*Asks:* 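Mind looking over this structure? Questions follow.
Small disclaimer: the values here were computed from a predicted structure and weren't measured.
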Amino acid sequence: MRRPHVRLRRPRGAVEVASACVVGAAVLVLAARMVIRTATVVMDAWPVVLVLAVLAGVPAAWHITRSIAARRRATERLATLRITVAELDAMDDRAFEEALGSLLIRDGWQARRVGGRGDQAADVMGEHAHLGRLVVQAKHTTVGGKVDSRVMYEVKGTAGPVHRARHAVVVTNGTFTRDAMRWGERHGVHWVDRERLRRWAATGVALHELLGLTARRGRFSRAA
């Protein structure tokens, strides 16, 4: 059923005009009273309003401050060392491992390459004053190559028991299988794929910030 179309018409005659003016004036008076009442309530409660405004602004200010500090640190790191993913692709296995060690040093770690025969799933070892020991298993591969879960098993089995490391990381210039990523996240083995490697090496994000590494107790910290 169609609703009737209602059209407003202008007041006609002195009586209708006067009535419309009265109604309009009443509406304006009510609106003015509401504004005055609201202003009075706000003035009476200004300490509460001020506290709420401050509380709402603190998290935003903290987030902005952290973002600015992170960008500044990234800029400082890039001034020290920046490696593009294309440059990493062109390296051989040894040069790739040495590059990862140099990136850790840039990020404030004491790092050295330990890869080679009998390395027991550790190509680079890092030490940090607050974050403890970290081992990196480097997997340099062709573009599009994937690292499977087997590598995660190996790193998990040696990082803590053999190398006494708090953090274990597998780094590749390729990608990981879905099973490998899920297994690593469940068992505390961090992974750095091609995109994370780009952020680490070429944009200045520190590895421990990228992965959310912490100095928690235990042999491994959980993946971020």
Side-chain angles (χ1 to χ4, degrees), residues 74 76-177 180-181 183-185 187-213 219-221 223-224:
E76 292 173 350
R77 295 188 192 105
L78 290 177
T80 303
L81 177 64
R82 178 179 184 272
I83 309 175
T84 66
V85 176
E87 291 171 331
L88 292 166
D89 289 339
M91 296 177 180
D92 59 21
D93 292 351
R94 183 184 181 92
F96 184 65
E97 294 167 5
E98 291 175 347
L100 299 185
S102 296
L103 288 169
L104 282 173
I105 292 172
R106 181 201 71 180
D107 294 348
W109 296 74
Q110 294 180 357
R112 68 186 190 281
R113 176 182 176 272
V114 295
R117 178 175 293 182
D119 60 24
Q120 299 189 79
D123 294 314
V124 180
M125 190 84 68
E127 296 280 352
H128 194 281
H130 304 294
L131 301 172
R133 179 173 295 176
L134 171 146
V135 294
V136 175
Q137 172 71 358
K139 288 298 179 182
H140 190 265
T141 182
T142 57
V143 177
K146 289 191 174 184
V147 177
D148 59 23
S149 301
R150 177 182 54 83
V151 177
M152 299 295 193
Y153 307 154
E154 294 174 353
V155 173
K156 175 68 174 180
T158 62
V162 176
H163 303 293
R164 298 290 182 259
R166 187 179 299 277
H167 310 286
V169 185
V170 181
V171 181
T172 181
N173 61 321
T175 59
F176 290 84
T177 64
M181 291 186 290
W183 196 94
E185 289 169 354
H187 298 282
V189 179
H190 301 274
W191 50 269
V192 176
D193 62 359
R194 188 173 183 83
E195 174 56 25
R196 288 184 175 182
L197 180 60
R198 182 193 65 80
R199 293 178 60 195
W200 179 25
T203 68
V205 180
L207 182 65
H208 52 274
E209 294 176 357
L210 181 66
L211 300 178
L213 302 185
R219 290 178 296 179
F220 300 103
S221 64

*Asks:* With salt bridge (charged side-chain N to carboxylate O under 4.0 Å, His left out) as the rule and sequence neighbours excluded, what pairs involving residues 101-110 come up?
*Replies:* R77-D107
*Asks:* Counting only heavy atoms not in E76, do more than 12 sit closer than 6.0 Å to its CD atom?
*Replies:* yes
*Asks:* Indicate the ring-plane relationship of Y153 and W183, choosing parallel, tilted or perpendicular according to the 30° and 60° boundaries.
*Replies:* perpendicular
*Asks:* I'd like to check the ring-ring contact (aromatic ring centres under 6.0 Å, His included) partners of H140; sequence neighbours left out, ordered by chain and number.
*Replies:* F96
*Asks:* Evaluate the side-chain proximity of T172 to L197: yes if any heavy-atom separation is below 4.5 Å, no if none is.
*Replies:* no
*Asks:* Considering only heavy atoms from C-beta outward, does the side chain of L207 approach that of V171 to under 4.5 Å?
*Replies:* no
*Asks:* Can you name the residues that form a side-chain contact (heavy atoms from CB on, under 4.5 Å) with A202, not counting sequence neighbours?
*Replies:* R82, R198
*Asks:* Check this for me, if you would: do R94 and E98 make a salt bridge, where the nitrogen-to-carboxylate-oxygen distance has to be below 4.0 angstrom?
*Replies:* yes
*Asks:* Please find the pair of heavy atoms, one from A159 and one from A168, that lie closest to each other, and give the distance.
*Replies:* CB-CB, 3.7 Å
*Asks:* V151: which residues meet the side-chain contact (heavy atoms from CB on, under 4.5 Å) condition with it, sequence neighbours left out?
*Replies:* Q137, K139, V147, D148, V155, V170
*Asks:* Applying salt bridge (charged side-chain N to carboxylate O under 4.0 Å, His left out), can you list everything that pairs with R113, at least two apart in sequence or on another chain?
*Replies:* E97
*Asks:* In chain order, what residues pass the side-chain contact (heavy atoms from CB on, under 4.5 Å) check against T175, with sequence neighbours excluded?
*Replies:* K146
